[in-house]
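Taking it in order: structure first as structure tokens, then the write-up.
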Number of protein chains: 2
Amino acid sequence: MANPKAGPQRSDWQRNHERLVATAAALVARDGAQVSLEEIAREAGVGSATLHRHFASRQALLEEVFRDEVERLRRRAGELAGGDPRTGLVTWLEELTTAAANTRGLPASLAAGADVDAPDGDTCHDIVREATVVLVSRALAVAAVRPEVSPDDLLTLVEAVSRVTEGDPLTAHRLLRLVLDGICP
Amino acid sequence: MANPKAGPQRSDWQRNHERLVATAAALVARDGAQVSLEEIAREAGVGSATLHRHFASRQALLEEVFRDEVERLRRRAGELAGGDPRTGLVTWLEELTTAAANTRGLPASLAAGADVDAPDGDTCHDIVREATVVLVSRALAVAAVRPEVSPDDLLTLVEAVSRVTEGDPLTAHRLLRLVLDGICP
DNA sequence: TACGATATGGGGGCCCACTCCGTTTGTCAA
DNA sequence: TTGACAAACGGAGTGGGCCCCCATATCGTA
């Protein structure tokens with residue numbers, strides 16, 4: 001979708017595509033990742049067939065909705081990869097949790113991206129995963145985290161926490177702190 | 001539903017009730033908590049109106065489906081409350097995670113029970129919560145866990161972990177271990 | 001301006017949750 | 001045993017969601 005390799009699309013195609021993504025962003029922010037696709041199409045002023053022609057699945061639509069936010073996170077990870085490995089990783093997990101807790105539908109979308117994915121490694125999940133891999137590697141290299149910690153496990157944990165605390169950043173961060181510090185003194 | 005205070009129900013009512021719960025248990029185990037209620041009714045050989053007359057909501061049906069398993073957990077918590085507070089709590093969390101990871105639909109049902117609840121404090125969620133409160137209190141009393149650990153946070157974490165790892169006990173336990181031990185050495 | 005490729009959208013098929021209402025069934029008293 | 005009534009049932013109906021087909025409209029270009 002919106003594939004640049006596909007060559008120039010007709011102007012109405014582009015216009016509808018943008019309207020759909022913008023409308024979806026608004027409705028997902030209001031109602032979560034499960035909004036009715038019909039409602040998105042209605043609100044965007046297009047037929048439901050058009051929506052399905054532009055996006056093969058709900059997940060494909062969500063990928064475009066969250067692309068910008070995820071790119072922002074990617075850049076942030078780049079910055080953090082220049083500093084102290086330990087605080088870099090912790091800060092990354094905290095900011096990722098913040099973004100996930102404040103962005104309705106993002107946790108569900110990231111988690112869904114982990115299961116059935118385009119193999120091109122360019123989904124939102126893949127981007128976040130790659131950033132996490134880098135930061136975890138750096139932390140492991142200086143023994144700032146336990147050796148058995150894997151990036152995927154960490155991601156799964158953050159996704160799990162932000163899914164059940166969607167829209168409640170305070171609880172999300174309390175739980176994250178618990179995970180980082182462990183239960184026992 | 002199945003309220004003993006409601007007096008004797010007709011025999012066909014009881015028969016259909018049991019068939020519905022049994023069928024629901026089988027289909028939820030096979031397909032998860034989101035099975036079609038229509039299918040449950042069909043499979044049980046009753047009209048869909050009957051299902052809705054017996055259970056006001058999907059959650060009400062799930063509560064009965066998981067009641068036995070949750071009662072078993074409650075008894076187990078009672079045993080664990082007699083031993084060492086620290087291993088008691090850890091064992092409890094591990095067995096709770098095992099049950100949640102192996103019982104399709106249970107994590108979703110427990111989590112849903114935390115939100116909109118009958119005020120009678122007798123839902124599956126309430127039972128598990130009460131058990132957790134007791135075990136956490138005992139652990140706190142001997143400083144076996146950090147003082148800021150709350151039973152609700154722990155429960156939310158276990159629910160979060162078992163929801164995203166439904167049907168994958170290995171990952172569930174790896175994540176739980178991460179939570180118990182913390183990330184940093 | 002006229003044409004062909006591209007894109008559209010209404011409407012249909014299918015499934016789901018939930019409700020209405022005429023019919024059946026269980027129970028209990030006579 | 002029978003009759004009557006409350007209790008319970010089930011099928012059909014409503015409204016919604018997802019997804020697709022195909023007749024129609026629109027865009028870009030020669």
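Chain letters run A, B, ... following the sequence lines, proteins first, then strands; residues in each count from 1.
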What is the minimum heavy-atom distance between B:R58 and B:V35, and which atoms define it?
NH1-O, 2.7 Å

Taking the nucleotide of DNA chain C with the closest heavy atom to each, which residue, A:T50 or B:R42, is nearer the 5' end?
A:T50

Nearest-nucleotide check on DNA chain C, A:A49 vs B:Q34; residue mapping nearer the 5' end is A:A49

Take atom CZ of A:F55 and atom P of D:dC19, then tell me their distance rounded to the nearest Å.
14 Å

note: A:H54, atom NE2; D:dC18, atom C1'; distance rounded to Å ~ 17 Å

From CD of B:E38 over to C1' of C:dC18, roughly how many Å is that when rounded to an integer?
8 Å

Which is it for B:R146 and A:D181 under the salt bridge (charged side-chain N to carboxylate O under 4.0 Å, His left out) test, yes or no, and what are the steps along the way?
CA-CA 9 Å; B:R146 298 180 182 276; A:D181 297 343; 5.0 Å; no

Below 3.5 Å, does any donor atom in the side chain of B:R15 face an acceptor in the base of C:dG26, or the other way round?
no

Report the distance from atom CZ of B:R53 to atom P of C:dC21, rounded to the nearest whole Å.
13 Å

Could you check how far CG of A:L51 sits from P of C:dT8, rounded to whole Å?
11 Å

Separation of D:dA6 P from B:W13 CH2 (nearest whole Å)
20 Å

Heavy-atom donor-acceptor pair, B:R10 side-chain to D:dA8 base, under 3.5 Å
no

A:E69 bridged to A:R72 by N-O distance under 4.0 Å
yes

Gap between atoms NE2 and P, on A:H52 and D:dC20 respectively (whole Å)
7 Å

For residues 39-49 of chain A, which side-chain donor-acceptor pairs fall under 3.5 Å, sequence neighbours excluded?
residue	atom	partner	partner atom	Å
A:E39	OE2	A:R30	NH2	3.2

To the nearest angstrom, the CD-C1' distance between A:Q14 and D:dT26 comes to 16 Å

